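I have placed the structure first, in the form of structure tokens, so that the comments after it can refer back to it.
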Amino acid sequence: MASAEDVKDLFPAMVKRLVPEKAAGLDATILFDLSGDNGGFFWIKIADGVAEAGAGEVPDPAMTVKASADDWFAVATGQTNAMQAFMTGKLKILGDMGLAMKMQTMFA
């Protein structure tokens, strides 16, 4: 099980792994609604090939990812395949499904 600190650290790590050319022209905020003891709300904003991350809710995200903190940790660290997690209902996407597909290649 991932600790609260492990989960919180995922988002700055994702910012560092952004592939700018894959995010070119994108201006979107992704909200992560993670349940469980180590969950919470986190966000990543991508604009002009640059990303920033933070905690808390944001108004009108382009996409919301809903999962348990442990399931998202497993997806984000490569222990679980994102598509498999989505197909089995462990990962839910609300909003821009095109952005969800693009997300798979935006982060190295």
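By convention here, the first residue in the shown sequence is residue 1. Only this structure's heavy atoms are used, side chains among them; waters, hydrogens and symmetry mates stay out. Remember, it's a predicted structure, so these values are computed and weren't measured experimentally.
Cluster membership check: M103 does not share its hydrophobic cluster with L31, using side-chain heavy-atom separations under 4.5 Å among Ile, Leu, Val, Met, Phe, Trp and Tyr.
Scanning both residues, S68 and S35, for their nearest heavy atoms gives CA-OG, 3.3 Å. Annotation for F107 and M14: closest pair CD2-O, 3.1 Å, computed over non-hydrogen atoms. Scanning all heavy atoms of the two residues, the minimum distance from P12 to A53 falls at N-CB, 4.2 Å.
Among residues two or more places apart in sequence or in another chain, the salt bridge (charged side-chain N to carboxylate O under 4.0 Å, His left out) test is passed with D33 by K66.
F11 and F32 have tilted rings, their planes meeting at an angle from 30° to 60° on a 0 to 90° scale.
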Let me have the donor-acceptor pairs involving side chains of residues 79-97, under 3.5 Å, with sequence neighbours excluded, atom names and distances please.
from	atom 1	to	atom 2	distance (Å)
Q79	NE2	T77	OG1	2.9
N81	OD1	M83	N	2.8
N81	OD1	Q84	N	2.9
T88	OG1	Q84	O	2.9
T88	OG1	A85	O	3.2
K92	NZ	G89	O	3.1
D96	OD1	G98	N	2.9
D96	OD1	L99	N	2.9

In residues 37-50, what donor-acceptor pairs under 3.5 Å come from side-chain atoms, sequence neighbours left out?
from	atom 1	to	atom 2	distance (Å)
N38	ND2	A2	O	2.5
K45	NZ	D27	OD1	3.0

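Residues in residues 1-14 take part in these salt bridge (Lys or Arg N to Asp or Glu O under 4.0 Å) pairs, two or more places apart or across chains: E5-K8. Residue pairs meeting the salt bridge (Lys or Arg N to Asp or Glu O under 4.0 Å) criterion with at least one member in residues 13-22: none, sequence neighbours excluded.
Note that CZ of F73 is 7.5 Å distant from OG of S3, once rounded to the nearest 0.5 Å.
Here V15 sits alone; no ILVMFWY side chain lies under 4.5 Å from its own, so it joins no hydrophobic cluster.
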